[in-house]
Structure formats: structure tokens, C-alpha cells
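Here's the structure, in C-alpha cells; my notes come after.
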Amino acid sequence: MYSKFPLNNYSIEFFAPNKPTIITNFNINQQTIDLIATHPTVPIYRSTFKQRNQILKALGKYIQQLNHSVILAGDLNITMWSPYYQKLEQETGLRNSRLGFGIIPTWPARFNNSVLLYILSRFFQIPIDHCLISSEIKVVNVKTRANSGLNLGSDHLPLITDLFISKSGN
């Protein structure tokens with residue numbers, strides 16, 4: 001994790017075995033912001049589907065106990081239409097940073113090494129990478145680098161979210 005602001009209280013938590021979540025916070029404009037970066041299990045099998053949902057539930061309980069504004073970011077392996085995602089939003093009070101900016105699909109990125117993968121990535125992309133934020137945090141812009149032509153080294157497009165955090169009380 002890179003930040004131009006000093007990160008404080010850095011820790012790695014495991015809401016499931018072998019699935020680390022980075023938890024830290026930083027100070028900006030006289031506020032402390034809790035930052036959580038996570039990547040729950042890919043729901044390929046019944047067991048991994050269940051584990052992903054358990055991780056999201058545990059994250060929700062953890063976030064409910066925090067006293068600062070929160071940014072939760074990562075490949076959540078779930079779309080915003082899932083009831084498990086919606087429950088996470090409802091229980092934490094976090095909101096999808098995409099609101100007002102469109103669906104902005106992030107997976108799969110465009111593959112040029114296979115005709116089938118290229119066709120799938122061109123027409124069947126879904127939004128499974130997310131930035132969820134507390135209501136005090138404002139969204140300036142949300143986008144991906146879908147048409148940059150860069151080899152990103154990932155099967156996901158980066159979700160670039162520009163946020164504005166005003167001074168406390170403003």
C-alpha cells in the first residue's frame with residue numbers, strides 16, 4: 001500500500017485463513033480516516049462462496065466498531081447487486097463511490113492473447129472491485145484505465161476513485 005500521507009496503526013487482519021486484510025489509518029484535514037484494503041475469496045465453489053460471504057460479514061462487524069470515517073477498497077469479488085454486498089452497505093453505512101458515475105466494470109480486463117477472452121472481456125465485464133466510503137467523504141470522480149493500452153499485469157482494471165475529505169466540521 002502506497003500513500004502520500006503517513007499511515008498509522010498498520011495491521012494485517014485475517015477474517016478468514018490465508019486471506020489478509022490491510023487495516024490502517026491516516027490523518028488529513030484534521031480528521032482520522034480508517035483505510036481497509038481487502039480481497040475476499042473468489043466464489044468459484046460452494047465453500048469459497050460461503051467463505052467470501054463470511055469475510056464480508058466479519059468486515060461489516062469490524063467496521064461497525066470503528067469511530068472514524070472509513071474507506072473500504074479492494075476486489076470484493078461481488079457486484080453491488082448481490083444481497084451480501086447490499087447487506088454490507090446497510091450494516092456499515094458505507095456507500096458505493098460509483099453512485100452517480102455509472103456501473104464502471106473492472107473485471108475482466110481486456111485480454112488480447114485469446115479471441116475468446118477478448119470477446120468475453122469486451123462484452124461481459126462486471127464491477128467487482130469497489131471503493132466504499134463513509135458519508136462524510138465526497139466523491140470527485142471515479143474511472144478505470146480501460147482504454148489506456150497499458151499492460152496492467154492484472155486481470156482487473158484499476159478502479160481510480162478521487163475523494164475529497166473536508167476539514168472536520170465543514
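Remember, predicted model here, so these are calculated numbers, not experimental data. Residue numbers run from 1 in the order of the sequence given.
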task = Could you tell me whether the side chains of Thr38 and Thr21 share a donor-acceptor contact shorter than 3.5 Å?
result = yes
note = Heavy-atom closest pair (Ile12 atom, Phe14 atom, distance to 0.1 Å) is CG2-CE1, 3.8 Å
request  = Grab the two heavy atoms, one from Tyr85 and one from Leu76, that are nearest each other, plus how far apart they are.
outcome  = CE1-CD1, 4.4 Å
request  = Please check if Leu7 and Ile137 belong to a single hydrophobic cluster, counting links between Ile, Leu, Val, Met, Phe, Trp and Tyr side chain heavy atoms closer than 4.5 Å.
outcome  = yes
Enclosure of Lys19 NZ (heavy-atom neighbours >12, cutoff 6.0 Å) = yes
ask   = Is there side-chain contact between Ile36 and Thr24, with heavy atoms separated by less than 4.5 Å?
value = no
task = Ignoring hydrogens and angles, tell me if any N or O in the side chain of Thr48 forms a donor-acceptor pair with the backbone of Tyr45 under 3.5 Å.
result = yes
query = Taking atom CD1 of Ile103 as the centre, does the number of heavy atoms from other residues, nucleotides or ligands within less than 6.0 Å exceed 12?
reply = no
Trace of the side-chain contact (heavy atoms from CB on, under 4.5 Å) decision for Ile160 with Thr144 = CA-CA 6 Å; Ile160 302 164; Thr144 66; over 6 Å; no
ask   = Out of curiosity, Ile133 CD1 to Ser69 OG, how far, rounded to the nearest 0.5 Å?
value = 9.5 Å
ask   = Parallel, tilted or perpendicular: which fits the ring planes of His39 and His156, with parallel below 30° and perpendicular above 60°?
value = perpendicular
message = Quick check: do Ile71 and Leu132 have side-chain heavy atoms less than 4.5 Å from each other?
response = no
task = Determine, using ring centers only, whether Phe26 and Tyr10 are less than 6.0 Å apart.
result = no
task = Could you go through the side-chain contact (heavy atoms from CB on, under 4.5 Å) check for Ile63 and Leu72 one step at a time?
result = CA-CA 9 Å; Ile63 291 168; Leu72 169 63; 4.0 Å; yes
ask   = So if you build clusters from Ile, Leu, Val, Met, Phe, Trp, Tyr with side-chain heavy-atom gaps below 4.5 Å, do Val42 and Ile78 land together?
value = no
ask   = Could you state the interatomic distance from OH (Tyr84) to NZ (Lys57), rounded to the nearest 0.5 Å?
value = 10.0 Å
inquiry  = Applying side-chain contact (heavy atoms from CB on, under 4.5 Å) to Ser166 and Lys138, what does each step give before you reach the verdict?
reply    = CA-CA 8 Å; Ser166 63; Lys138 306 299 179 223; over 6 Å; no
ask   = If only atom types and distance count, is the side chain of Arg98 paired as donor or acceptor with the main-chain N or O of Ile104 below 3.5 Å?
value = yes
ask   = Short question: side chain of Thr92, backbone of Leu94 - any donor-acceptor pair under 3.5 Å?
value = yes
remark   = When every non-hydrogen atom of Gln51 is compared with those of Thr41, the smallest separation belongs to OE1-OG1, 2.6 Å
ask   = Heavy atoms, side chains only, cut-off 4.5 Å: are Trp107 and Phe124 in contact?
value = no
request  = Kindly compute the distance separating CD (Gln31) from OG (Ser134), expressed to the nearest 0.5 Å.
outcome  = 9.5 Å
ask   = Can you get from Val70 to Met80 by hopping between Ile, Leu, Val, Met, Phe, Trp and Tyr side chains that sit under 4.5 Å apart?
value = yes
message = Can a donor-acceptor pair be found, under 3.5 Å and without considering hydrogens, that links the side chain of Gln125 to the backbone of Pro108?
response = yes
ask   = Between Arg95 (side chain) and Glu89 (backbone), is there a donor-acceptor pair under 3.5 Å?
value = no
query = Are Asn27 and Thr32 linked by a side-chain donor-acceptor pair shorter than 3.5 Å?
reply = yes
message = Is any side-chain heavy atom of Ile126 closer than 4.5 Å to one of Pro105?
response = no
ask   = Going through the checks in order, is the side-chain contact (heavy atoms from CB on, under 4.5 Å) test met by Ile33 and Asn25?
value = CA-CA 5 Å; Ile33 307 295; Asn25 63 48; 5.9 Å; no
request  = Measure the shortest side-chain to side-chain distance between Val142 and Leu159 over non-hydrogen atoms and say whether it is less than 4.5 angstrom.
outcome  = yes
message = Quick check: is Leu88 connected to Ile22 through a chain of hydrophobic side chains (ILVMFWY, heavy atoms under 4.5 Å apart)?
response = no
task = Mind listing the closest non-hydrogen atom pair of Cys131 and Leu163 along with its distance?
result = SG-CD1, 4.5 Å
query = Under 30°, 30 to 60°, or over 60°: which ring-plane class applies to Phe15 and Tyr62, parallel, tilted or perpendicular?
reply = perpendicular
Heavy-atom pair with the smallest gap, counting every atom of Ser97 and Val139 = O-CG1, 3.6 Å
Check: Asp129 main-chain N/O paired with Asp75 side-chain donor or acceptor under 3.5 Å = no
note = The reported gap from CD1 in Ile165 to CD in Glu136 (rounded to nearest 0.5 angstrom) is 10.0 Å
query = What's the shortest heavy-atom distance between Asn77 and Pro40, and which atoms?
reply = ND2-O, 2.8 Å
note = One should read off an interatomic distance between Ile28 CD1 and Lys167 NZ, to the nearest 0.5 angstrom, of 11.0 Å
query = Donor-acceptor pair, Glu91 side chain versus Gln64 backbone, under 3.5 Å?
reply = no
message = Between Trp81 and Leu56, is there shared hydrophobic-cluster membership here, with clusters defined by ILVMFWY side-chain heavy atoms closer than 4.5 Å?
response = yes
